[in-house]
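Worksheet: one structure, shown below.
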Amino acid sequence: MVSIKDGLNGLGEYVILIGKAIAVPDRWRMFWKQYVTEMFQLGYNSIGIVLIISFFIGAVICLQIKLNIQSPWMPTMVTGYTTREIMLLEFSSSIMCLILAGKVGSNIASELGTMRITQQIDALDIMGVNSANYLILPKIIGLMTIMPVLVTLSVFAGVVGAYATTFLGTTTFAELNEGFRYEFNQWFFWCGMIKAVVYAFIITTISAYKGYMVEGGSVEVGKASTSAVVTSSIYILFSDIFLTNMLT
Amino acid sequence: MIEVKELFKAFDGRLVLNNINTVFRNGEVNLIIGQSGSGKTVLMKNIVGLLTPDKGRILYDGRDFCALNKKEKIQLRREMGMIFQSAALFDSMTVLDNVMFPLNMFSDKSYNERKKRAMECLDRVDLHNVDLKYPGELSGGMQKRVAIARAIALEPKYLFCDEPNSGLDPKTSIIIDELISSITHEDNITTIVNTHDMNSVIGIGENITFIYKGCAEWKGSNKEILNADNKPLEEFIFASDILRHMKTSKKTNE
């Protein structure tokens with residue numbers, strides 16, 4: 001079990017590291033280069049998995065509601081309406097970020113952990129480079145930029161997945177269309193965007209902290225990677241409660 | 001010149017460096033030698049600032065590293081180059097990008113000038129047509145040479161090498177040693193090499209500090225070391241059968 005002292009030590013180290021990372025870059029041209037690379041690596045490379053998962057989840061949510069919740073005394077647009085709200089309010093923002101915490105979080109922690117144990121971070125420090133700033137800030141800003149795009153794509157893919165169920169004959173295009181357009185509240189979309197940005201910060205900072213602080217060898221890098229995913233996921237779920245309560 | 005004065009460092013109450021006093025001279029290859037666990041890596045880490053000493057001073061041409069503020073420390077770090085035991089090349093970058101990295105970070109020169117300088121450094125370490133390769137595609141000796149090229153890109157005043165021959169065959173080790181020695185003399189750099197390779201000690205050790213149980217047990221040059229009257233040093237040097245045999249034969253011939 002983690003003692004209170006260890007917990008506070010960890011919190012202190014995290015705050016100091018993120019304080020070091022969030023500073024004016026030594027060289028802007030290097031920062032922009034890293035920023036674009038990170039957006040590509042963390043975001044662009046995740047588009048495939050986001051589209052696939054969202055498409056099928058959108059389709060399954062639509063089917064479940066149509067088959068198990070929809071009843072004759074409900075309006076026919078309920079299926080489309082509920083699918084849209086679930087995708088917008090919870091799946092595409094929170095659950096998708098939870099899935100991305102696994103992919104992106106382990107990627108960040110293992111990359112930085114490997115750099116630490118192979119002395120690449122020491123090499124940066126010796127050169128007089130603020131290694132935390134050079135390595136972590138582009139990841140934070142990069143994922144915070146690309147995450148809202150991924151969430152938007154996820155909503156889009158979910159809706160397409162729901163429409164795809166019309167080919168199974170359980171619902172019609174017109175019914176879904178009516179539901180998707182029924183009393184659309186634009187704020188719900190922005191709620192998803194705000195959540196995405198907050199979760200992107202949680203995923204990158206926690207995973208970067210776990211990777212940057214690795215001591216030892218490959219076993220410790222593996223442990224840091226696992227810990228990054230678990231801790232990020234817990235904090236995403238925890239903050240989801242507060243954000244949902246605050247925003248909606 | 002780098003001076004280490006009354007340096008102490010302990011971990012969890014265990015004294016690892018105990019009152020180290022030594023001088024690393026300019027334009028010479030200065031070696032820190034000692035067996036594994038003697039404290040030489042800790043000494044090197046204290047000198048380059050990766051660890052903070054518990055007590056003592058480290059003077060870079062009179063500038064006390066520990067007393068410098070953050071900005072001055074960063075400035076001083078830009079006068080340092082370091083070659084790590086594992087080469088520590090950035091594996092996501094090509095060889096050229098690795099060598100250009102310090103220039104990209106700290107030089108205001110144009111891209112073409114920076115690239116020209118990086119290519120000069122690669123030529124200097126006798127590496128040709130590898131600039132677009134990644135570190136993983138190179139042999140251990142080539143990686144060390146890229147690390148040297150990167151370390152000298154900004155024309156450092158101080159060069160640190162942490163076990164540069166580790167994992168290399170004897171022939172490649174000699175090439176790396178000769179490279180470090182020639183760069184030190186031609187560019188008048190203060191070079192500190194942390195090693196336990198006896199070939200390096202005999203070959204390039206102009207100013208040697210022997211660390212034993214956290215203390216600077218013996219100081220001298222490669223010319224003096226074989227005849228040094230110091231038991232721990234003798235045990236360290238003549239630990240190998242070949243050297244012990246050489247020593248016995250020499251004495252018999254005399």
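Order of the sequence lines sets the chain letters (A, B, ...), proteins ahead of strands, with each chain counted from 1. Only this structure's heavy atoms are used, side chains among them; waters, hydrogens and symmetry mates stay out. Since we're looking at a predicted model, the values are computed, not measured.
The distance from atom CD of A:Q41 to atom OG of B:S92, rounded to the nearest 0.5 Å, is 8.0 Å. Atom CD of A:Q119 sits about 8.5 Å away from atom CG of B:L50, to the nearest 0.5 Å. The CG atom of A:N130 lies 6.5 Å from the NZ atom of B:K70; values are rounded to the nearest 0.5 Å. Distance check, rounded to the nearest 0.5 Å: CZ of B:F160 to CD1 of A:I126 gives 7.5 Å.
When each of A:I121, A:D125, A:D26 is checked for heavy-atom pairs under 4.5 Å with chain B, A:D125 comes out on top.
Among the residues in residues 103-119 of chain B, those with a non-hydrogen atom closer than 4.5 angstrom to a non-hydrogen atom of chain A are B:L103, B:N104, B:M105, B:F106, B:S107, B:D108, B:R114.
Shown here is B:F8, whose CZ atom has more than 12 heavy atoms of other residues, nucleotides or ligands within 6.0 Å. Residue A:F156 places its CZ atom among 12 or fewer non-hydrogen atoms of other residues, nucleotides or ligands, all under 6.0 Å distant. Atom CD of A:Q186 is surrounded by 12 or fewer heavy atoms from other residues, nucleotides or ligands within 6.0 Å. By the neighbour-count criterion of 12 heavy atoms within 6.0 Å, atom OH of A:Y44 is sparsely surrounded, having that number or fewer from other residues, nucleotides or ligands. Summarising the local packing, NZ of A:K103 is surrounded by more than 12 heavy atoms from other residues, nucleotides or ligands at distances under 6.0 Å. For A:I49, the CD1 atom counts as loosely surrounded, since its 6.0 Å shell holds 12 or fewer non-hydrogen atoms of other residues, nucleotides or ligands.
At a 4.5 Å heavy-atom cutoff, the contact between A:M127 and chain B is made by backbone and side-chain atoms alike. With a 4.5 angstrom heavy-atom cutoff, B:L76 does not touch chain A via any of its atoms.
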Next item on the list: Take A:M115 and B:F90, measure what side chain to side chain contact (heavy atoms under 4.5 Å, CB included) needs, and give me the verdict at the end.
Entry: CA-CA 8 Å; A:M115 287 187 81; B:F90 306 125; 4.3 Å; yes
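Contact of the B:F101 side chain with the A:M30 side chain is registered, since non-hydrogen atoms from C-beta on lie closer than 4.5 Å.
Annotation for B:I74 and A:G128: closest pair CG2-O, 3.7 Å, computed over non-hydrogen atoms.
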